[in-house]
Amino acid sequence: MPESLVVVIDGPAGAGKSTIAKLLARKLGVAFMDTGAMYRALTVKALREKVDLEDEAALVALAQRTHIDLVNEPGKALQVLLDGADVSEAIRSIEVTNNTFYIARTPGVRHVMVEWQRTMGARRSMVGDGRDLGTVVFPNATYKFYLDADFNVRCQRRIDELKAKGQQVDEEALKKDLAERDEHDFTRKVGPLKKADDAILVDSTGMTVAQVVEFLAGRIRNT
Ligand code: DC
């Protein structure tokens, strides 16, 4: 295995990227970098400070006075720290989920995020998941994957995930939200979701989580 291993998994919301990236990182014994969690954490701060989400300069200034950390501890879920405080749960609220696109569409904020992510990636071997890792953040990643799945399957996975947590789910609203997130991800002017030319396309529609992890690990072992 090369000295510093950078594996990236990009793809649309609900394709299972975070679940797969986390398990693959554990299997390879490297760190897990959830870049969506970073955009979400900054959104938490913007909402708390009531920053105008349409004001690019204000959002960039906010990013510049923020410190986001991802803490990987063996056997523990990834901890997301916003200026030192744990926001691992707060970043998953519906309000944050539905407002993160403001942060993600702002070019100056993406610039700051990309720098943070590169710095984290340079420190250690890792598996990262996001939208623009293979195209923008780590164009020279050791392995690039693009994880996709049918829209309805992605919706159903989200529904099952929320129900498993005991949450009530408005299925029609969830489908509408996911379609909107796709629209934002694919049409963003900077860092849109796009398969890198050299990324391996994995359609997880008919696959279990274990099968996807095994497939990715197999590609890594065999090259
Ligand atoms: O993967 P996720 O659903 O937690 O991502 C949250 C949001 O952040 C989503 O709106 C897409 C955006 N995002 C992004 O623009 N670039 C990334 N590298 C990761 C996430």
Side-chain angles (χ1 to χ4, degrees), residues 6-25 32-47 53 56 59-60 62-63 66 68 70 77-80 82 87-121 126-139 141 144-149 151 154-155 157-159 161-162 165 174-196 199 204:
V6 176
V7 180
V8 299
I9 306 176
D10 289 311
K17 297 181 303 296
S18 297
T19 308
I20 304 292
K22 194 184 318 170
L23 292 172
L24 184 64
F32 164 45
M33 184 165 82
D34 179 346
T35 61
M38 299 170 72
Y39 285 92
R40 286 168 178 268
L42 192 61
T43 307
V44 168
K45 185 159 170 177
L47 292 171
L53 298 174
E56 165 151 21
L59 291 178
V60 174
L62 181 78
T66 298
I68 295 171
L70 301 177
L78 182 77
Q79 225 189 356
V80 184
L82 172 65
V87 290
S88 310
E89 284 196 16
I91 61 170
R92 302 292 162 197
S93 76
I94 292 178
E95 192 195 10
V96 171
T97 300
N98 290 343
N99 282 291
T100 304
F101 82 92
Y102 286 106
I103 302 294
R105 75 175 182 182
T106 306
V109 172
R110 294 200 78 86
H111 185 76
V112 174
M113 287 283 177
V114 168
E115 287 307 309
W116 286 344
Q117 291 159 9
R118 285 184 182 150
T119 305
M120 286 182 185
M126 52 127 225
V127 178
D129 82 292
R131 306 294 192 284
D132 60 343
L133 303 192
T135 50
V136 176
V137 188
F138 299 110
K144 296 182 186 178
F145 297 99
Y146 185 92
L147 188 62
D148 209 348
F151 178 75
R154 289 192 279 126
C155 288
R157 287 180 186 162
R158 269 286 142 89
I159 292 165
E161 207 175 283
L162 293 172
K165 285 186 195 161
L174 184 142
K175 285 184 180 173
K176 195 168 149 279
D177 285 351
L178 202 68
E180 273 176 19
R181 292 180 68 198
D182 277 359
E183 173 74 12
H184 290 309
D185 277 335
F186 286 116
T187 61
R188 196 166 40 237
K189 289 203 177 70
V190 179
L193 173 59
K194 187 173 172 294
K195 179 187 163 303
S204 72

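Every number for a ligand or one of its atoms is a count from 1 in the order of the listing. One-based numbering along the sequence shown.
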Next on the checklist: Quick test: of every protein heavy atom, which one is nearest to atom 5 (O) of ligand 1, and how far off is it to 0.1 Å?
Outcome noted: G36 CA, 3.5 Å
Item to check | Geometric N/O contact R188 with ligand 1, under 3.5 angstrom | outcome: yes
Item to check | Polar side-chain atom of R110 near backbone of A104 as donor-acceptor pair, under 3.5 Å | outcome: yes
Checklist entry - Is a side-chain donor or acceptor of R188 paired with a backbone partner of R105 at a separation under 3.5 angstrom? => result no
Item to check | Sidechain-backbone polar pair: K175 side chain, F151 backbone, donor-acceptor under 3.5 Å | outcome: no
Checklist entry - Hey, does R181 come in under 3.5 Å of ligand 1, counting only N/O atoms on both sides? => result yes
Item to check | Heteroatom proximity flag, R110 to ligand 1, N/O under 3.5 Å | outcome: yes
Checklist entry - Distance-only, no hydrogens or angles: does the T135 side chain make a donor-acceptor pair with backbone N or O of A196 under 3.5 Å? => result no
Checklist entry - Can you list the ligand 1 atoms lying under 4.0 Å from a non-hydrogen atom of T100? => result 7 (C), 8 (O)
Next on the checklist: Given 3.5 Å as the limit, does a donor-acceptor pair link the side chain of K17 with the main chain of G11, or not?
Outcome noted: yes
Checklist entry - Do R40 and T97 meet the criterion of a side-chain donor-acceptor pair at a distance under 3.5 Å? => result yes
Checklist outcome for this item: Taking only non-hydrogen atoms of T35 and a 4.0 Å limit, the atoms of ligand 1 in range are 17 (C), 18 (N), 19 (C)
Item to check | Test of proximity, D132 against ligand 1: N or O pairs below 3.5 Å | outcome: yes
Checklist outcome for this item: So the atoms of ligand 1 within less than 4.0 Å of a heavy atom of D185 turn out to be 11 (C)
Checklist outcome for this item: The protein heavy atom nearest to atom 9 (C) of ligand 1 is R131 NH2, 3.7 Å
Checklist entry - Are R157 and S204 linked by a side-chain donor-acceptor pair shorter than 3.5 Å? => result yes
Next on the checklist: Donor-acceptor pair, distance only, cut-off 3.5 Å: does the side chain of D10 make one with the backbone of G134?
Outcome noted: yes
Item to check | Non-hydrogen atom of R105 closer than 4.0 Å to ligand 1 | outcome: no
Next on the checklist: Please check this pair: side chain of R118 against backbone of V137, looking for a donor-acceptor N/O pair closer than 3.5 Å.
Outcome noted: yes
Item to check | N or O pair under 3.5 Å between K17 and ligand 1 | outcome: no
Item to check | Per-atom contacts of ligand 1 with A104, taking only distances under 4.0 Å to non-hydrogen atoms | outcome: 12 (C), 15 (O)
Checklist outcome for this item: of all protein heavy atoms, closest to atom 6 (C) of ligand 1 is R40 NE, 3.6 Å
